[in-house]
Amino acid sequence: FQKQQSIQHIDPQHKKKMKPQTMNRRSLLAAGIAGISAVAFARAGAPAAMAANPELDAVRNLLRAHDKAMTDHDLNGVLACLADNAAVLGTGPGEIWSGKNELKIAYPHFFRVYDKGEQVFEYNYWLGDLSEKMGWMMTCGTVKAKKGGKEVAYPLNVSLTVAKKG
């Protein structure tokens, strides 16, 4: 996982190209899954206590759908989980991709660092809350993957912000 990949970044405020960042495969994987902070639309409902809130399952299911699409290298499936103005935050300087156009470019790079169908997400802690219109969730765990038959595992931290559509 030491092969270098380069991704072009755009400064969204100034709409100018930033100096390309060189990322190794581990950084790409981390940027794609561990550093995800996406504004997404969930079909969550009324507020309730976090611990007993079954509507947080809608947010968990949204994350699971994203994870499945990632595992399957399904770009359209990933994008279906994200809002048009979603942003994915990586783990290094300049590693931020926002909007569907940038994400359409970034995600195929993330897919290259593991074999299709060879990823398993294991979450061991969930924290979140919902209001009538918005919600958030954080989780942590491990992602296990294979690349060329070699097994790897990485710690995983995910932060989601969701908004109700309509």
Side-chain angles (χ1 to χ4, degrees), residues 1-9 18-42 44 50-51 53-83 86-100 102-130 135-162:
F1 280 93
Q2 294 305 314
K3 183 176 179 186
Q4 299 292 309
Q5 304 268 347
S6 181
I7 296 179
Q8 181 91 21
H9 299 284
M18 297 172 62
K19 181 179 176 185
Q21 300 289 319
T22 301
M23 300 170 62
N24 64 31
R25 287 182 177 189
R26 182 180 174 137
S27 295
L28 276 170
L29 185 61
I33 56 180
I36 188 171
S37 178
V39 178
F41 289 94
M50 186 202 79
N53 189 347
E55 293 185 4
L56 275 175
D57 287 340
V59 182
R60 286 184 190 96
N61 290 337
L62 177 66
L63 179 57
R64 287 183 184 115
H66 174 273
D67 293 350
K68 179 171 180 4
M70 282 283 296
T71 299
D72 294 342
H73 293 193
D74 178 4
L75 181 60
N76 290 330
V78 168
L79 295 175
C81 296
L82 305 175
V88 173
L89 183 63
T91 58
E95 293 180 4
I96 186 167
W97 301 271
S98 61
K100 294 259 176 145
E102 288 184 20
L103 294 171
K104 284 179 187 177
I105 295 167
Y107 269 91
H109 288 275
F110 304 151
F111 298 155
R112 290 183 196 159
V113 301
Y114 58 91
D115 296 332
K116 184 176 180 179
E118 296 294 334
Q119 247 186 169
V120 176
F121 295 83
E122 297 175 351
Y123 298 109
N124 53 29
Y125 183 81
W126 299 86
L127 181 65
D129 199 7
L130 294 173
W136 61 273
M137 181 181 297
M138 289 189 281
T139 184
C140 61
T142 304
V143 61
K144 296 178 181 178
K146 288 184 183 179
K147 180 63 177 176
K150 182 180 177 185
E151 293 185 11
V152 294
Y154 299 102
L156 177 66
N157 295 309
V158 178
S159 172
L160 294 171
T161 304
V162 297

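Any value given below was found using the heavy atoms of this structure, including those in side chains, with hydrogens, waters and symmetry copies removed.
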Does the Lys146 side chain pair with the main chain of Gly117, one donor and one acceptor, at a distance under 3.5 Å? no
Which heavy atom of Leu156 sits nearest a heavy atom of Val143, and at what distance? CB-N, 4.3 Å
Under 6.0 Å between ring centres, would you say that holds for His66 and Tyr107? yes
Atom pair CG (Asp129) and CE (Met137), whose distance is rounded to the nearest 0.5 Å: 10.0 Å
Inspect the contact between Arg64 and Asp67 and indicate whether a charged nitrogen and a carboxylate oxygen are less than 4.0 angstrom apart. no
Hey, mind stepping through Phe121 and Thr139 against side chain to side chain contact (heavy atoms under 4.5 Å, CB included) and telling me if it holds? CA-CA 11 Å; Phe121 295 83; Thr139 184; over 6 Å; no
Quick one: CZ on Arg112 to NE2 on His73, what's the gap to the nearest 0.5 Å? 11.0 Å
Could you tell me whether a side-chain N or O of Glu95 sits under 3.5 Å from a main-chain N or O of Gly92, the two making a donor and an acceptor? yes
When you compare the side chain of Val78 with that of Met70, does any pair of heavy atoms fall below 4.5 Å? yes
Closest approach of Thr71 to Gln119 (non-hydrogen atoms, all atoms of both residues): OG1-CB, 3.4 Å
What distance separates Leu79 CG from Lys104 NZ, expressed to the nearest 0.5 Å? 6.5 Å
Check the pair Arg60, Leu63 against side chain to side chain contact (heavy atoms under 4.5 Å, CB included), reporting the backbone distance first and the verdict last. CA-CA 5 Å; Arg60 286 184 190 96; Leu63 179 57; 5.8 Å; no
Using every non-hydrogen atom in the two residues, find where Ala145 and Tyr114 come nearest and quote the distance to one decimal. CB-CB, 3.9 Å
On a heavy-atom basis, the closest approach of Leu56 and Trp136 is CD2-O, 4.3 Å
Correct closest heavy-atom pair for Asp72 and Lys68 would be OD2-NZ, 2.6 Å
Separation of Met138 CE from Tyr125 OH (nearest 0.5 Å): 8.0 Å
Smallest separation among heavy atoms of Leu103 and Pro108, with atom names: O-CD, 4.2 Å
What orientation do Trp97 and Phe110 show, parallel under 30°, tilted 30 to 60°, or perpendicular over 60°? perpendicular
